[in-house]
Amino acid sequence: MAHWQDSIREWSAAWAAVRGLETRSDGDVIVTAPDGDHAHGEYVTVFPGPEASRIAALAARTPGAALTLATADRNEANAFAGDHGLLPAGTAVLLTAATETLDQEPELPEDGNLSSAALELYDVAEISVFDRPLASGRIRMADSTAVIGGITFSHDPSHTEELRSAIIAALASEAAAHGITTIYTIVDSGQVAAYTASGWTETVHILTYQAG
(Lines give C-alpha, C1' and ligand atoms only; values in the text may rest on other atoms or scores of the structure.)
Protein backbone atom coordinates (compact mmCIF):
# COMPACT_ATOMS: atom_id res chain seq x y z
CA MET A 1 0.00 0.00 0.00
CA ALA A 2 1.01 3.62 -0.52
CA HIS A 3 1.94 5.64 2.56
CA TRP A 4 -1.30 7.66 2.42
CA GLN A 5 -3.30 4.42 2.56
CA ASP A 6 -1.27 2.91 5.39
CA SER A 7 -1.56 6.09 7.45
CA ILE A 8 -5.13 7.13 6.67
CA ARG A 9 -6.24 6.75 10.29
CA GLU A 10 -3.48 9.10 11.41
CA TRP A 11 -3.84 11.80 8.78
CA SER A 12 -7.64 11.78 8.70
CA ALA A 13 -7.77 12.19 12.48
CA ALA A 14 -5.17 14.95 12.26
CA TRP A 15 -7.12 16.64 9.46
CA ALA A 16 -10.19 16.62 11.69
CA ALA A 17 -8.14 18.11 14.53
CA VAL A 18 -6.91 21.10 12.52
CA ARG A 19 -10.57 21.76 11.67
CA GLY A 20 -11.36 21.76 15.39
CA LEU A 21 -13.13 18.39 15.32
CA GLU A 22 -12.78 15.43 17.64
CA THR A 23 -12.70 11.87 16.30
CA ARG A 24 -13.46 8.29 17.21
CA SER A 25 -12.63 4.98 15.51
CA ASP A 26 -15.09 2.64 13.85
CA GLY A 27 -12.97 -0.34 12.89
CA ASP A 28 -10.33 1.03 10.54
CA VAL A 29 -12.43 4.12 9.83
CA ILE A 30 -12.10 7.54 11.45
CA VAL A 31 -15.36 9.31 12.33
CA THR A 32 -15.31 13.03 13.01
CA ALA A 33 -17.47 14.40 15.77
CA PRO A 34 -18.63 18.00 15.27
CA ASP A 35 -19.28 19.48 18.71
CA GLY A 36 -18.96 15.97 20.15
CA ASP A 37 -21.99 14.78 18.14
CA HIS A 38 -20.75 11.40 16.95
CA ALA A 39 -24.14 10.52 15.48
CA HIS A 40 -23.79 13.17 12.76
CA GLY A 41 -20.14 12.66 11.92
CA GLU A 42 -18.10 12.26 8.78
CA TYR A 43 -16.85 8.74 7.99
CA VAL A 44 -13.44 8.74 6.28
CA THR A 45 -12.09 5.67 4.49
CA VAL A 46 -10.11 4.47 1.46
CA PHE A 47 -11.85 3.60 -1.80
CA PRO A 48 -11.68 0.93 -2.97
CA GLY A 49 -11.15 -0.64 0.41
CA PRO A 50 -12.46 -3.33 2.76
CA GLU A 51 -14.54 -0.89 4.83
CA ALA A 52 -16.05 1.16 1.99
CA SER A 53 -19.32 -0.74 1.48
CA ARG A 54 -20.07 -1.07 5.20
CA ILE A 55 -19.38 2.59 5.88
CA ALA A 56 -21.29 3.80 2.81
CA ALA A 57 -24.36 1.89 3.95
CA LEU A 58 -23.97 3.29 7.47
CA ALA A 59 -23.62 6.87 6.23
CA ALA A 60 -26.62 6.46 3.92
CA ARG A 61 -28.92 5.44 6.76
CA THR A 62 -27.61 7.92 9.36
CA PRO A 63 -29.32 11.33 9.16
CA GLY A 64 -26.80 14.15 8.85
CA ALA A 65 -23.82 11.84 8.36
CA ALA A 66 -21.28 12.16 5.53
CA LEU A 67 -19.03 9.69 3.74
CA THR A 68 -15.58 10.87 2.66
CA LEU A 69 -13.57 8.66 0.30
CA ALA A 70 -9.84 9.01 -0.33
CA THR A 71 -9.43 7.64 -3.83
CA ALA A 72 -7.40 7.76 -7.01
CA ASP A 73 -10.48 7.05 -9.16
CA ARG A 74 -13.04 9.82 -8.93
CA ASN A 75 -15.47 8.32 -11.46
CA GLU A 76 -15.60 4.93 -9.77
CA ALA A 77 -16.06 6.58 -6.37
CA ASN A 78 -18.96 8.66 -7.65
CA ALA A 79 -20.62 5.57 -9.11
CA PHE A 80 -20.06 3.62 -5.89
CA ALA A 81 -21.56 6.39 -3.75
CA GLY A 82 -24.52 6.73 -6.12
CA ASP A 83 -25.22 3.01 -5.82
CA HIS A 84 -25.61 3.60 -2.07
CA GLY A 85 -27.94 6.57 -2.48
CA LEU A 86 -25.26 9.16 -1.69
CA LEU A 87 -24.79 12.41 -3.60
CA PRO A 88 -21.61 14.51 -4.03
CA ALA A 89 -21.26 17.13 -1.29
CA GLY A 90 -17.64 18.28 -1.61
CA THR A 91 -14.36 17.72 -3.43
CA ALA A 92 -10.77 18.36 -2.41
CA VAL A 93 -7.26 17.03 -3.00
CA LEU A 94 -4.83 15.37 -0.60
CA LEU A 95 -1.29 16.68 -1.01
CA THR A 96 1.86 15.14 0.43
CA ALA A 97 5.34 16.51 1.05
CA ALA A 98 8.53 15.17 2.56
CA THR A 99 9.31 17.56 5.41
CA GLU A 100 12.92 17.94 4.32
CA THR A 101 11.87 19.21 0.87
CA LEU A 102 9.77 22.09 2.20
CA ASP A 103 11.09 25.57 2.91
CA GLN A 104 11.52 25.89 6.68
CA GLU A 105 12.66 29.52 6.87
CA PRO A 106 9.59 31.77 6.80
CA GLU A 107 10.02 35.12 5.06
CA LEU A 108 8.16 37.62 7.22
CA PRO A 109 6.82 40.99 6.07
CA GLU A 110 8.59 44.13 7.23
CA ASP A 111 8.23 44.47 11.03
CA GLY A 112 6.57 41.04 11.03
CA ASN A 113 6.54 38.78 14.06
CA LEU A 114 6.05 35.02 14.19
CA SER A 115 4.47 33.45 17.25
CA SER A 116 3.28 29.93 18.04
CA ALA A 117 1.19 28.17 20.64
CA ALA A 118 0.21 24.61 21.50
CA LEU A 119 -3.55 24.17 21.87
CA GLU A 120 -5.60 21.11 22.79
CA LEU A 121 -6.20 19.75 19.29
CA TYR A 122 -3.37 21.37 17.32
CA ASP A 123 -0.45 23.80 17.37
CA VAL A 124 -0.88 27.20 15.76
CA ALA A 125 1.53 29.65 14.13
CA GLU A 126 0.62 33.31 13.60
CA ILE A 127 2.24 36.16 11.70
CA SER A 128 1.49 39.68 12.89
CA VAL A 129 2.76 43.23 12.40
CA PHE A 130 2.60 45.53 15.44
CA ASP A 131 0.23 43.08 17.14
CA ARG A 132 -2.12 43.09 14.13
CA PRO A 133 -2.64 39.46 13.02
CA LEU A 134 -2.06 38.91 9.30
CA ALA A 135 -2.18 35.13 8.91
CA SER A 136 -2.28 31.94 10.92
CA GLY A 137 -2.15 28.20 10.35
CA ARG A 138 -2.52 24.95 12.27
CA ILE A 139 -0.62 21.70 12.48
CA ARG A 140 -1.41 18.40 14.17
CA MET A 141 1.47 15.94 14.59
CA ALA A 142 1.21 12.20 15.12
CA ASP A 143 4.10 9.74 15.08
CA SER A 144 6.07 10.46 11.87
CA THR A 145 3.29 12.35 10.03
CA ALA A 146 1.56 15.69 10.40
CA VAL A 147 -1.29 17.60 8.79
CA ILE A 148 -1.30 21.32 8.06
CA GLY A 149 -4.59 23.18 7.71
CA GLY A 150 -6.72 26.05 8.91
CA ILE A 151 -4.65 28.69 7.11
CA THR A 152 -6.48 32.01 7.35
CA PHE A 153 -5.72 35.63 6.51
CA SER A 154 -6.88 38.71 8.37
CA HIS A 155 -5.94 41.59 6.12
CA ASP A 156 -4.66 42.69 2.65
CA PRO A 157 -5.52 39.78 0.28
CA SER A 158 -2.84 40.93 -2.18
CA HIS A 159 -0.16 39.24 -0.07
CA THR A 160 -1.91 35.98 0.72
CA GLU A 161 0.48 33.76 -1.26
CA GLU A 162 3.55 35.20 0.48
CA LEU A 163 1.86 34.85 3.86
CA ARG A 164 0.69 31.32 3.06
CA SER A 165 4.25 30.32 2.15
CA ALA A 166 5.58 31.85 5.37
CA ILE A 167 3.00 30.08 7.54
CA ILE A 168 3.68 26.72 5.87
CA ALA A 169 7.42 27.22 6.30
CA ALA A 170 6.95 27.96 10.00
CA LEU A 171 4.78 24.88 10.49
CA ALA A 172 7.18 22.69 8.47
CA SER A 173 10.03 23.88 10.68
CA GLU A 174 8.06 22.87 13.77
CA ALA A 175 7.32 19.47 12.21
CA ALA A 176 11.01 18.92 11.43
CA ALA A 177 11.92 19.79 15.01
CA HIS A 178 9.59 16.99 16.17
CA GLY A 179 11.05 14.41 13.78
CA ILE A 180 8.08 14.46 11.38
CA THR A 181 9.10 13.09 7.98
CA THR A 182 5.84 13.39 6.01
CA ILE A 183 3.33 16.25 5.96
CA TYR A 184 -0.16 16.19 4.47
CA THR A 185 -2.64 18.91 3.66
CA ILE A 186 -6.03 18.95 1.96
CA VAL A 187 -6.90 21.81 -0.38
CA ASP A 188 -9.44 22.82 -3.00
CA SER A 189 -8.53 21.88 -6.56
CA GLY A 190 -7.91 25.53 -7.42
CA GLN A 191 -5.04 25.69 -4.93
CA VAL A 192 -3.19 22.58 -6.12
CA ALA A 193 -0.92 24.31 -8.65
CA ALA A 194 0.38 26.80 -6.07
CA TYR A 195 1.24 23.99 -3.66
CA THR A 196 2.85 21.64 -6.19
CA ALA A 197 5.07 24.50 -7.33
CA SER A 198 6.52 24.67 -3.82
CA GLY A 199 7.31 21.00 -3.18
CA TRP A 200 3.97 19.29 -2.60
CA THR A 201 2.75 16.24 -4.55
CA GLU A 202 -0.84 15.73 -5.63
CA THR A 203 -1.79 12.38 -4.09
CA VAL A 204 -5.50 11.45 -4.22
CA HIS A 205 -8.99 12.90 -4.43
CA ILE A 206 -10.92 13.56 -1.22
CA LEU A 207 -14.60 13.18 -2.11
CA THR A 208 -17.47 13.75 0.31
CA TYR A 209 -21.04 12.46 -0.09
CA GLN A 210 -24.30 12.69 1.81
CA ALA A 211 -27.67 11.04 1.49
CA GLY A 212 -29.98 12.62 -1.08
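Quick note: numbers below take in every heavy atom, side chains included, and nothing from hydrogens, waters or symmetry partners. All residue numbers in this chain count up from 1 along the given sequence. Everything quoted here is computed from the prediction, not taken from an experiment.
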Would you say V29 and L86 are hydrophobically clustered, going by side-chain heavy atoms of ILVMFWY under 4.5 Å?
yes
hydrophobic_cluster_shared for W15 and I180, side chain cutoff 4.5 Å
no
Examine the side chains of Y43 and T62 and answer whether a donor and an acceptor come within less than 3.5 Å of each other.
no
Side chains of V46 and W4, heavy atoms from C-beta outward: is any pair under 4.5 Å?
yes
What's the separation between atom OG in S189 and atom NE2 in H205, rounded to the nearest 0.5 Å?
10.0 Å
What's the separation between atom CD1 in I206 and atom CZ in R74, rounded to the nearest 0.5 Å?
11.5 Å
Spacing of Q210 atom CD and T68 atom OG1 [to the nearest 0.5 Å]
9.0 Å
Taking Q104 for the side chain and T99 for the main chain, is one N or O donor matched with an acceptor at less than 3.5 Å?
yes
Verify, without hydrogens or angle tests, whether E76 (side chain) and D73 (backbone) share a donor-acceptor contact under 3.5 angstrom.
no
Shortest non-hydrogen contact from A57 toward H84
N-CD2, 3.9 Å
Please tabulate, one pair per line, all N/O donor-acceptor pairs under 3.5 Å involving side-chain atoms of residues 125-145, not counting sequence neighbours.
unit_1 : atom_1 : unit_2 : atom_2 : d
S136   : OG     : T152   : OG1    : 3.1
R138   : NE     : Y122   : OH     : 3.3
R138   : NH1    : V18    : O      : 2.8
R138   : NH2    : Y122   : OH     : 3.3
R140   : NH1    : L121   : O      : 2.7
T145   : OG1    : A142   : O      : 3.3

Shortest non-hydrogen contact from L163 to F153?
CB-CE2, 3.9 Å
Heavy-atom side-chain contact between Y195 and E202 under 4.5 Å
no
If we only count heavy atoms from C-beta on, is the T185 to V147 side-chain gap below 4.5 Å?
no
Main-chain N/O of A98 paired with T182 side-chain donor or acceptor, under 3.5 Å:
no
Is there side-chain contact between R9 and S25, with at least one heavy-atom pair below 4.5 Å?
yes
Minimum heavy-atom distance between A60 and A211, given as atom pair plus value:
O-CB, 3.9 Å
Quick one: OG1 on T91 to CG on D188, what's the gap to the nearest 0.5 Å?
7.0 Å
Give the C-alpha distance, both sets of side-chain angles, the deciding distance and a yes or no for side chain to side chain donor-acceptor pair (under 3.5 Å) between Y184 and T203.
CA-CA 10 Å; Y184 293 100; T203 307; over 6 Å; no
Have T32 and T23 got a donor and an acceptor in their side chains that come within less than 3.5 Å?
no
Is it the case that one hydrophobic cluster holds both I167 and V187, taking links as side-chain heavy atoms less than 4.5 Å apart, direct or via other members?
yes
Drop me the distance from L207's CG to F80's CZ, to the nearest 0.5 angstrom.
12.0 Å
Minimal heavy-atom distance between G199 and T101, with the atoms involved, is O-OG1, 4.0 Å
Kindly say whether E161 contributes a backbone atom to a donor-acceptor pair with the side chain of S165 at under 3.5 angstrom?
yes
Report whether V204 and W11 are members of the same hydrophobic cluster (ILVMFWY, side-chain heavy atoms less than 4.5 Å apart, transitive linking).
yes
Does one side chain, of T96 or T201, offer a donor that lies under 3.5 Å from an acceptor on the other?
no
Provide the closest heavy-atom pair for A66 versus T208 in the form atom of the first, atom of the second, distance.
CB-CG2, 4.0 Å
Result of checking V44, L58, T45 against E51 for side chain to side chain contact (heavy atoms under 4.5 Å, CB included):
T45
I186 with V124, same ILVMFWY side-chain cluster at under 4.5 Å:
yes
Of L102, I148, D123, which meets side chain to side chain contact (heavy atoms under 4.5 Å, CB included) against L171?
I148
